[in-house]
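Written below as structure tokens is the structure these notes are about.
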Amino acid sequence: MTYEEKVTARVAQLRHQETVRILSLETSCDETAAAIIENGRVIRANVVFSQIDLHALYGGVVPEIASRAHVEACDRVIDEALREAGMTFDDIDACAVTCGPGLVGALLTGVSCMKGLSYALGKPLIAVNHIEGHVSANYLTHPDLKPPFLCLVVSGGHSHLVRVEDYGVYTLLGQTMDDAAGEAFDKAARVLTLPYPGGPRIDALAEEGDPHFLTLPRPHIEGRYDYSFSGVKTAFLNAVHKMEQNGETLPKADLAASFRYAVVSQLVDKAMLAARETNAPALALAGGVSANSLLRRMMQEAADKAGLPLYMPRLKLCTDNGAMIGSAAYYRLLKDGAAALTLNAQPALRLL
Ligand code: KG4
Ligand code: ZN
């Protein structure tokens, strides 16, 4: 039997199998992560090797260093995931991998690794969109969550408001016109000379600051549910430079709090507007920025006020991990079957 014949037969079986175990690998940016997920909902293993220490020296992710580190770590995180779950490759039904969006070299290391493994084991390969992975982190945290719901996806590279119609089916309601929310946080952190990655640093510092110290502009955008963060970022940068030129000591906590409030209130207001106007039955957050403590608090408050259930991934599942890829892969397998071995990295892949 050829690989293709074997995989086609396996996919047909898996569609009716009671427990489907997927080994997933994520290498789209600076985390090498592997996981083993059952039926898209249960985490049997979740191993994340963060490369932060390798990139911190340069103030951001260096693509070549990331690719090299992924090559070295792929095998190790997979072995570790199997050990954590007390399983061998025989217990795995399919191999999943993030195919985009992300850094091309980083993605290629993961895609090559899982293509090789899938071929060697004769098990289906599943290609996963990284953003869809972030949305799926909610399925791992909330066993009761089912589509449809409105999801605010906010990460280092994306800021989207999407309606999740069904598993793997999305409608775009709004998106950022310029910077992603995480990118804006990282840039503001750099202005305050906080180390990479800046988002969590700004968040921590902001807890002790006054969010009304600096009034930052509210963007006027044509798209009703669209976002824009570049104006806020520029106003922030100018205010900081002016204080520096005047020889003032920067009140970093107040500045961080003001910036965080400007970004988060925009995120919350538009998400709630969309929820109201589209009669969303429930709300969810996804992506690295969904770890932001003010975003979580303000969204909870707004959702409670509107009488809407709010779903947020567990903190550990907000930022990049393999578990979310394994969850998304399960629903992708049921919907579309396996990916071909001609699968390539797709650095600019979109959710829709
Ligand atoms: O989803 P993610 O891990 O990677 C991408 O797919 O981009 O998101 C990383 C982004 C970074 O920009 C990081 O600064 C931001 O999420 N981030 C935060 C927080 N934790 C991570 N931003 C604000 N507050 C946080 N607590
Ligand atoms: Zn991500």
Side-chain angles (χ1 to χ4, degrees), residues 152-156 158-161 174-221 225-276 283-306 308 310 312-313 315 318-319:
L152 172 65
V153 190
V154 271
S155 72
H158 303 87
S159 296
H160 286 147
L161 252 181
Q175 61 187 320
T176 181
M177 296 288 98
D178 36 63
D179 292 356
E183 195 181 352
F185 273 118
D186 293 339
K187 285 181 184 164
R190 217 182 268 209
V191 175
L192 296 181
T193 61
L194 301 174
Y196 156 87
R201 308 271 182 169
I202 289 239
D203 192 16
L205 198 58
E207 289 293 296
E208 278 126 52
D210 172 11
H212 305 295
F213 172 78
L214 201 66
T215 306
L216 292 162
R218 281 250 152 185
H220 294 284
I221 318 156
Y225 310 133
D226 287 336
Y227 292 109
S228 166
F229 300 108
S230 79
V232 178
K233 186 189 65 189
T234 308
F236 181 76
L237 190 81
N238 290 341
V240 171
H241 283 171
K242 206 162 153 197
M243 294 178 87
E244 280 172 340
Q245 277 161 5
N246 292 340
E248 294 173 41
T249 312
L250 294 181
K252 288 192 184 180
D254 292 336
L255 289 167
S258 303
F259 187 80
R260 182 178 70 164
Y261 180 73
V263 171
V264 168
S265 53
Q266 194 189 146
L267 289 173
V268 173
D269 289 354
K270 291 269 171 125
M272 292 313 296
L273 181 73
R276 212 170 35 244
L283 271 167
L285 301 182
V289 180
S290 64
N292 188 274
S293 36
L294 184 67
L295 177 63
R296 293 173 86 92
R297 287 199 296 269
M298 282 180 63
M299 276 302 270
Q300 191 65 64
E301 223 169 85
D304 287 348
K305 219 163 151 188
L308 279 176
L310 172 67
M312 300 184 269
L315 277 183
C318 289
T319 44

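Inter-residue side-chain proximity for Leu192 and Leu255 is flagged as met; some heavy-atom pair is nearer than 4.5 Å. Using a 4.5 Å cut-off on side-chain heavy atoms (C-beta onward), Arg297 and Leu294 make contact. Side-chain contact between Val191 and Phe259 is absent, with no heavy atoms from C-beta onward closer than 4.5 Å. Annotation: side chain of Tyr261 is in contact with side chain of Met298 (closest heavy-atom distance under 4.5 Å). Residues Leu283 and Met272 are in side-chain contact: their nearest non-hydrogen atoms beyond the backbone lie under 4.5 Å apart. Taking the side chain as every heavy atom from C-beta outward, Leu267 and Met299 never approach each other to under 4.5 Å.
Using a cutoff of 4.0 Å between basic side-chain nitrogens and carboxylate oxygens, Lys305 and Glu301 are not scored as salt-bridged.
Of the inter-residue distances, the one linking Asp186 atom CG with Ile202 atom CD1 reads 8.5 Å to the nearest 0.5 angstrom. Separation of atoms CG (Leu205) and CG (Asp254) is listed at 9.0 Å; rounding is to 0.5 Å. To the nearest 0.5 Å, atoms CD (Glu207) and OG (Ser293) are separated by 4.0 Å. One distance of note links OG of Ser155 with CD of Glu183; it measures 9.5 Å at 0.5 Å rounding. Here the OG atom belonging to Ser290 is positioned 8.5 Å from the CG atom belonging to Leu152, to the nearest 0.5 angstrom.
Between His160 and Tyr227, the gap from one ring centroid to the other reaches at least 6.0 Å.
Residues Leu308 and Ala275 share a closest heavy-atom pair of CD1-CB, 3.9 Å. Contact record, Pro197 with Pro200: O-CD, 3.4 Å, taken as the closest heavy-atom pair. A pairwise comparison of heavy atoms in Gly209 and Pro211 identifies O-CD, 3.4 Å as the closest pair. The minimum heavy-atom distance linking Val289 with Ala181 is given by the pair CG2-C, 4.2 Å. Heavy-atom minimum distance, Ala302 versus Val268: CB-CG1, 4.0 Å. Here the closest non-hydrogen pair linking Asp226 and Lys270 is O-NZ, 2.8 Å.
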Next on the checklist: Using side chain to side chain contact (heavy atoms under 4.5 Å, CB included), reason through Val263 and Phe185 one step at a time and then give a plain yes or no.
Outcome noted: CA-CA 8 Å; Val263 171; Phe185 273 118; 3.8 Å; yes

Checklist entry - Stepwise, does the side chain to side chain contact (heavy atoms under 4.5 Å, CB included) test hold for Leu295 with Val154? => result CA-CA 11 Å; Leu295 177 63; Val154 271; 4.2 Å; yes

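With hydrogens and angles ignored, the 3.5 Å screen pairs a side-chain donor or acceptor of Arg260 with a backbone N or O of Asp203. Side chain of Ser159 to main chain of Ala180: no donor-acceptor pair is present (N/O by atom type, distance under 3.5 Å, no hydrogens or angles).
Within a 6.0 Å sphere centred on CZ of Arg190, heavy atoms belonging to other residues, nucleotides or ligands number 12 at most.
When the side-chain hydrogen bond (donor to acceptor under 3.5 Å, both in side chains) test is applied to Arg218, the partners found at least two apart in sequence or on another chain are Ser265, Asp269.
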Which pairs would a plain distance check flag for residues 239-247, meaning a side-chain donor or acceptor within less than 3.5 Å of a matching protein atom at least two apart in sequence or in another chain?
from, atom 1, to, atom 2, distance (Å)
Asn246, ND2, Lys242, O, 3.4

Expected list for residues 229-237: side-chain donor-acceptor pairs under 3.5 angstrom, two or more places apart:
from, atom 1, to, atom 2, distance (Å)
Ser230, OG, Asp178, OD2, 3.4
Lys233, NZ, Asp179, OD2, 2.7
Thr234, OG1, Ser230, O, 2.8

